[in-house]
Protein chains: 2
Amino acid sequence: MSEKRDRIISAALQLFCENGFQHTSTAAISKKAGVATGTLFLYFKSKDELINALYLETKAALSKHMQEGLEQAATVHDKLFHIWLKSVGWSEANPYHFRFFNMFSNSAFISALTKDEAASLFQFTEELVKNAVAEGSIAPIETGLFVSLFGGQLNATINYLAQSPQPENRQQIVEKAFRLFWKSMKA
Amino acid sequence: MSEKRDRIISAALQLFCENGFQHTSTAAISKKAGVATGTLFLYFKSKDELINALYLETKAALSKHMQEGLEQAATVHDKLFHIWLKSVGWSEANPYHFRFFNMFSNSAFISALTKDEAASLFQFTEELVKNAVAEGSIAPIETGLFVSLFGGQLNATINYLAQSPQPENRQQIVEKAFRLFWKSMKA
DNA sequence: ACTTTCACTGACTGATTAGTCATTTTTATA
DNA sequence: TATAAAAATGACTAATCAGTCAGTGAAAGT
């Protein structure tokens, strides 16, 4: 991966979040990245391919971060809590990436193909849930519903934190929200 | 409200959902609505004002629907369940509107002002939560966090249903997801 | 019958911009 | 050092489209 490519991706991320896809010209991205307008099209066939690549790589980064140290968690509870904390941490450390997901996950710019590819990066969470139900750690539930609810709760928590005025009890909120989720799901 | 205005709003909703904001020209909206290109600009100063009006009116319709018959629910549990069912029902009866929210709630097209106005339509939910905590029906929690989690869980449920292959146990899923939420929140 | 009003029309335009490509610069190779 | 290959440049273009405005026709008022 070239360094110029990285600069383009990173400039695109910022500008898309600040001004939206439509109000960000490829010329503006190139300028911010410090490359010529043509260079962008060496690395990405089109503006659409650029945003899809950005989406996929961002998802991949999050997925990787979630799994770091996951093997050290012994119980299902601990594994879910690990994923929870990693996700919150990553989102707070990468506010642009998080905002990017909020803005574009449901937009028309991301193709169905890209979404499929991204979903496969989170396959491991489905496995986790299936095993948890099988071993009786959590109450019986459709895997997809569990994953959806977990993601929803997580997203709601992060969004709440992002717009909440007091960050001092941030950690308590994060833990409390997880406790609530776990309370609803445990066997 | 003129009938042409309605047709423009409704055409815009469909086209925005199908092709996104950027790939929907005002000419296409006008054509689908069966009016001249200039007519759109009689009712909306700009394409941006159009999407903001659409957002606000859709939110208002949902808010109104949620509150229909709400006074008949006696307990906090019943009130929340009423809102839950009304929301799910409305989203399934108005899939375009629901998709529109998913696509544009976090987009750059909806102004902060519009979002503020929309939020005020849901003021009643915050009151509900405050009273519930005060009377001890639910465990103590920050109002904003509760509202955020409720919305997140609801949204996750509807999204799960929308992409789930089997609609036969739809009602069970809806009730189950609410039971899980209530389990996590009740005093 | 004349005038005024006004919702509506649609051809038109000025501005924007995604993407191209002939050329130059840099890097690798012999 | 000479040559080839690869990477990068940026002026340019073809196309799109939001928004305008002079004009139309129907209805209301006098």
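Chain identifiers are assigned alphabetically (A, B, ...) following the order of the sequence lines, protein sequences preceding nucleic acid strands; residue numbering begins at 1 within each chain.
- The distance from atom CD1 of A:I8 to atom P of D:dA7 is 13 Å, rounded to the nearest whole Å.
- If you check every strand for non-hydrogen atoms under 4.0 Å, B:F44 touches nothing.
- The distance between atom CG of B:D48 and atom C1' of D:dC17, rounded to the nearest whole Å, is 14 Å.
- Look at B:E92 and B:R170 and you find a salt bridge, because one of the NZ, NE, NH1 or NH2 atoms lies within 4.0 Å of a carboxylate O, short of that distance.
- As judged by a 4.0 angstrom heavy-atom cut-off over every strand, B:S30 is placed among residues making no nucleic acid contact.
- Taking OG from A:S63 and CH2 from A:W90, the interatomic distance works out to 10.5 Å, rounded to the nearest 0.5 Å.
- Remark: the B:Y96 side chain and the B:E18 side chain contain an N/O donor-acceptor pair separated by less than 3.5 Å.
- Residue B:Y43 has no polar side-chain atom (N or O) positioned under 4.0 Å from OP1 or OP2 of C:dA7.
- Between the NZ atom of A:K4 and the P atom of D:dA6 there is a distance of 17 Å, given to the nearest Å.
- For A:T26, taking side-chain heavy atoms from C-beta onward, the closest of the listed nucleotides C:dA18, C:dA7, D:dA8 is C:dA18.
- Straight-line distance from the CZ atom of B:F41 to the P atom of D:dC17: 12 Å, rounded to whole Å.
- Regarding A:L40, its CG atom lies at a distance of 15 Å from the C1' atom of D:dA7, rounded to whole Å.
- Atom CG of A:D6 is separated from atom P of D:dA7 by 15 Å (rounded to the nearest Å).
- Taking atom CG of residue A:L42 and atom P of nucleotide C:dG19, one finds them 14 Å apart after rounding to whole Å.
- Residue B:T37 is classed as a base contact, given a heavy-atom separation below 4.0 Å to a base.
- The side chain of B:T39 lies closest to C:dT9, out of C:dA18, D:dG10, C:dT9.
- Side-chain N/O atoms of B:N159 and B:N102 include a donor and acceptor closer than 3.5 Å.
- One finds no salt bridge joining A:K64 and A:E68 here, because no Lys/Arg side-chain nitrogen approaches an Asp/Glu carboxylate oxygen to under 4.0 Å.
- Distance CD (B:Q22) to P (C:dT16): 16 Å, rounded to an integer number of Å.
- Residue A:T24 is classed as a sugar-phosphate contact, given heavy-atom separations below 4.0 Å to backbone atoms only.
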